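Contents: one structure, followed by commentary.
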Number of protein chains: 2
Amino acid sequence: MGTIYDLAKMTGFSITTVSKALNNYSDVSEKTKAKIVQAAAEMGYLPNAHAQSLSTKRSWTIGVMFSEAHGVGMMHPFFNAIIESFRKATEQQGYDLIFASRNLRNRDMSYLEHFRHRAVDGIVVICSDQMDQHVQELIQSTIPIVVVDMDSADCSVVYSDNITGGTLAINHLHELGHRLIAHIAGDTSTDAGRARIEGYQQAMEQLDLPIPDGYLVNGGFFSGEEGKRAMNELLALPERPTAVFVAGDEMAIGAIEAIHEAGLQIPEDISVVGYDDIYVAKYITPKLTTVRQDTETIGQHAASVLIEQIVNKKRVTTRDVIPVNLMVRQSTGPVPE
Amino acid sequence: MGTIYDLAKMTGFSITTVSKALNNYSDVSEKTKAKIVQAAAEMGYLPNAHAQSLSTKRSWTIGVMFSEAHGVGMMHPFFNAIIESFRKATEQQGYDLIFASRNLRNRDMSYLEHFRHRAVDGIVVICSDQMDQHVQELIQSTIPIVVVDMDSADCSVVYSDNITGGTLAINHLHELGHRLIAHIAGDTSTDAGRARIEGYQQAMEQLDLPIPDGYLVNGGFFSGEEGKRAMNELLALPERPTAVFVAGDEMAIGAIEAIHEAGLQIPEDISVVGYDDIYVAKYITPKLTTVRQDTETIGQHAASVLIEQIVNKKRVTTRDVIPVNLMVRQSTGPVPE
DNA sequence: CATTTCACCGAAAGCGCTTTCGATAAATTT
DNA sequence: AAATTTATCGAAAGCGCTTTCGGTGAAATG
């Protein structure tokens with residue numbers, strides 16, 4: 001503890017000089033700089049971030065907002081991996097992350113209001129719901145922002161190449177001989193959900209494969225429960241698919257459960273390919289074939305495009321589509337005879 | 001945007017009165033309060049948090065530190081679930097969470113220093129490594145603190161009843177007829193790892209079961225890889241266990257993979273019980289029997305004990321041990337003949 | 001030697017807010 | 001009617017820091 005005044009008294013210099021010394025101004029002699037820096041170290045002096053922010057109008061904080069749309073909060077492994085990567089990248093530049101709520105001492109307020117209150121330097125939002133009012137409000141504001149996993153023309157975005165992801169999965173299944181390929185989709189209110197459907201449809205058309213009625217089933221918001229339910233719908237179909245492309249790994253794991261409960265084998269009876277490549281994907285039985293999203297680069301790119309805006313004090317709107325790749329493991333195999 | 005000065009000018013009152021009105025002081029008439037509040041709403045006025053903190057010495061922020069010991073960061077599902085619950089509880093009281101790094105504009109500093117710099121009101125640390133220097137430094141400081149998943153005599157702690165968790169698992173296996181029960185342990189540098197070993201050993205002794213050489217194998221830091229490796233060691237033993245208690249779910253999933261690769265069935269040949277009950281536990285094949293940690297209550301309790309300290313401006317040292325319970329699913333079954 | 005330049009330092013204002021304390025006018029009491 | 005209380009407001013100091021701008025003495029220049 002101790003303020004800049006204490007340091008000034010201790011060293012005999014004015015607070016002006018102390019501040020300059022600490023900030024490495026050129027109009028302070030090396031000798032006094034050294035004295036001051038050492039004294040600071042001795043007394044364990046640390047500048048008060050609030051005072052600094054107040055006077056510089058720069059807080060070195062980045063506000064993060066998770067879409068709480070479906071109560072996943074910060075628990076979804078995919079979102080999480082991204083934020084972790086984002087955090088590493090931004091902390092290297094000296095920024096701290098702040099998770100703001102919509103509650104300011106029991107006063108209800110929007111995220112934008114809260115972020116303005118906290119005077120964050122920039123905002124990262126991880127959200128897949130186009131319609132989220134709070135997100136739209138953030139996007140329309142003047143604060144530097146980057147949004148992940150969603151598209152928008154009004155701000156910088158970074159997300160996976162989900163269309164290619166879909167085609168990758170379908171082509172892989174096609175090469176294994178599958179012709180009856182279903183898709184358990186993410187909700188169409190999400191960009192990711194829609195793009196993967198798009199990829200599925202494009203690939204099927206390209207391959208001249210029909211999409212039978214009921215082969216495109218909505219799996220909702222990527223949960224295990226919904227994946228299971230959706231798979232059961234597929235299993236009840238008159239012409240059962242031999243392969244299914246699932247728009248999320250947790251959903252895929254739910255689907256696998258359904259398949260097993262129906263007494264069927266994977267991949268002998270049905271092949272399944274997931275999406276995301278969450279941590280456990282390669283450990284479960286059968287090891288999950290899945291489209292891997294590069295959370296590492298997504299986080300890094302998001303960080304750099306945000307920081308660039310902050311540094312240049314200028315909002316930009318870029319679109320950064322990150323490649324995905326297929327991890328072939330053991331949940332897919334040749335089509336059954 | 002706009003400051004309190006603008007509001008003052010706009011309403012014709014002094015900034016003193018404006019501030020008081022906004023903070024609901026009693027020496028401002030209801031009439032002028034109403035005027036000011038409305039004007040504030042009209043111009044979208046929001047108080048600057050930094051200025052407030054500077055003058056009140058209260059920042060309404062809580063610093064969170066994850067033990068980065070083994071590079072898991074905020075990605076581990078168990079830690080994550082806790083933080084999510086903690087976040088919900090604290091945000092209801094008006095606090096924001098800040099994830100600080102050890103990097104302050106390319107100056108290296110400790111977490112304590114960083115938190116002091118940011119002037120957080122309290123700290124939550126989620127860590128299992130007793131020896132972490134940074135954590136010890138935090139604990140010895142004067143800032144209100146709560147640590148999760150670790151024991152300490154010098155601060156408030158909240159963690160699961162891991163000893164009971166261990167005995168729960170062993171007793172369950174014993175009831176199923178198992179006598180050859182091994183344990184893939186978490187590293188003994190972690191409290192959780194040690195306590196679960198303790199529970200294992202206590203239960204085995206209680207049941208008069210010997211622990212053969214090699215039946216207690218270190219699984220390191222709870223990763224899938226290490227679980228797999230440890231399981232392979234067990235499989236190579238002259239007398240193979242019929243059941244294994246694994247100190248973490250991800251580790252258990254790795255162990256399951258090893259068992260399957262050895263051509264053995266679960267639970268027919270070997271039963272396995274995990275620890276944590278992570279999200280996917282109930283979806284994988286076979287559905288994992290596991291000791292469930294109550295992340296919800298852990299987070300809530302951590303929040304309330306921290307906030308209590310903040311409000312009372314007085315550090316307390318409490319120990320809050322949260323009960324666990326066994327989720328019996330399909331990875332455990334009767335001992336093979 | 002007079003003048004300009006340069007290196008180094010500090011006074012002071014300002015960032016946006018809270019809070020103490022005193023001032024004033026109105027209301028109440030004697 | 002005088003004295004006291006009450007209700008309402010504002011001046012000013014302070015929170016800890018940055019930054020502009022001016023000042024001083026020493027060194028460099030003519």
Side-chain angles (χ1 to χ4, degrees), chain A residues 1-37 39-40 43-61 94 104-105 107 113 115-121, chain B residues 1-37 39-40 43-61 94 104-105 107 113 115-121:
Chain A
M1 286 311 189
T3 76
I4 202 174
Y5 290 91
D6 302 325
L7 242 188
K9 204 169 300 168
M10 188 166 167
T11 57
F13 292 99
S14 71
I15 62 161
T16 304
T17 304
V18 171
S19 173
K20 286 180 179 172
L22 261 19
N23 291 301
N24 208 27
Y25 272 55
S26 63
D27 64 343
V28 176
S29 75
E30 289 305 323
K31 201 183 296 179
T32 77
K33 256 182 209 170
K35 273 189 205 162
I36 291 175
V37 167
M43 77 178 288
Y45 169 80
L46 285 173
N48 179 302
H50 300 297
Q52 283 183 319
S53 303
L54 189 55
S55 123
T56 61
K57 287 155 169 317
R58 192 97 155 64
S59 68
W60 294 94
T61 58
L104 175 61
R105 268 177 275 174
R107 176 156 119 56
E113 289 175 317
F115 286 141
R116 274 178 37 203
H117 166 68
R118 285 284 182 203
V120 299
D121 290 340
Chain B
M1 286 315 197
T3 76
I4 201 174
Y5 289 92
D6 302 325
L7 242 190
K9 203 168 303 168
M10 187 164 167
T11 58
F13 292 99
S14 72
I15 62 161
T16 304
T17 303
V18 171
S19 172
K20 286 179 178 173
L22 262 18
N23 290 301
N24 208 28
Y25 272 54
S26 64
D27 64 342
V28 175
S29 74
E30 290 304 324
K31 201 183 298 181
T32 79
K33 254 183 210 170
K35 274 189 206 161
I36 290 175
V37 167
M43 77 180 286
Y45 169 80
L46 285 172
N48 179 302
H50 300 296
Q52 282 183 319
S53 302
L54 189 55
S55 111
T56 61
K57 285 154 172 315
R58 192 97 154 62
S59 68
W60 294 93
T61 57
L104 175 61
R105 267 178 276 175
R107 175 154 118 56
E113 289 176 316
F115 286 140
R116 276 179 35 204
H117 166 68
R118 286 284 183 203
V120 299
D121 290 339

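Just so it is clear: chains get the letters A, B, ... in the order the sequence lines come, proteins before strands, and each one is counted from 1. This one's a predicted model, so the numbers in the text were calculated from it and none came from an experiment.
- Between the side chain of A:His50 and the main chain of B:Ala51, no donor-acceptor pair closer than 3.5 Å is present.
- Here CE of B:Met43 is found 10.0 Å from OG1 of B:Thr11. Values are rounded to the nearest 0.5 Å.
- Taking every nucleotide of DNA chain D with any atom under 4.0 Å from a non-hydrogen atom of chain A, the first and last of them, 5' to 3', are D:dG16 to D:dC21.
- For A:Asp27 and C:dC9, a side-chain-to-base donor-acceptor distance below 3.5 Å is present, hydrogens and geometry of angles not being considered.
- The one candidate from A:Arg116, A:Arg58, A:Lys57 that meets the salt bridge (Lys or Arg N to Asp or Glu O under 4.0 Å) condition with A:Asp121 is A:Arg58.
- The residue among A:Tyr5 and A:Lys20 whose nearest nucleotide of DNA chain D is located toward the 5' end is A:Tyr5.
- Atom-to-atom distance recorded for B:Lys33:NZ and B:Asn23:CG is 10.0 Å, nearest 0.5 angstrom.
- For B:Tyr25 and C:dC21, the OH to C1' distance is 13 Å, given to the nearest whole Å.
- Backbone-only contact: A:Thr32 has heavy atoms under 4.0 Å from sugar-phosphate atoms and none from a base.
- Looking at heavy-atom distances under 4.0 Å, B:Ser19 makes contact with a base.
- Here the OH-CE distance, from B:Tyr45 to B:Met10, works out to 13.0 Å after rounding to the nearest 0.5 Å.
- For residues 3-26 of chain B, the salt bridge (charged side-chain N to carboxylate O under 4.0 Å, His left out) pairs, not counting sequence neighbours, are B:Lys20-B:Asp27.
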_Step-by-step side-chain contact (heavy atoms from CB on, under 4.5 Å) determination, A:Ile36 to A:Leu22_ = CA-CA 8 Å; A:Ile36 291 175; A:Leu22 261 19; 3.8 Å; yes
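- The 5' end of DNA chain D is approached more closely, in terms of each residue's nearest nucleotide, by B:Ser26 than by the other of B:Ser26 and A:His50.
- Between A:Thr61 and A:Ala119, the shortest heavy-atom contact is OG1-O, 4.2 Å.
- Using a 4.0 Å cutoff on non-hydrogen atoms, the parts of residues 9-17 of chain A near DNA chain D are A:Ile15, A:Thr16, ordered by number.
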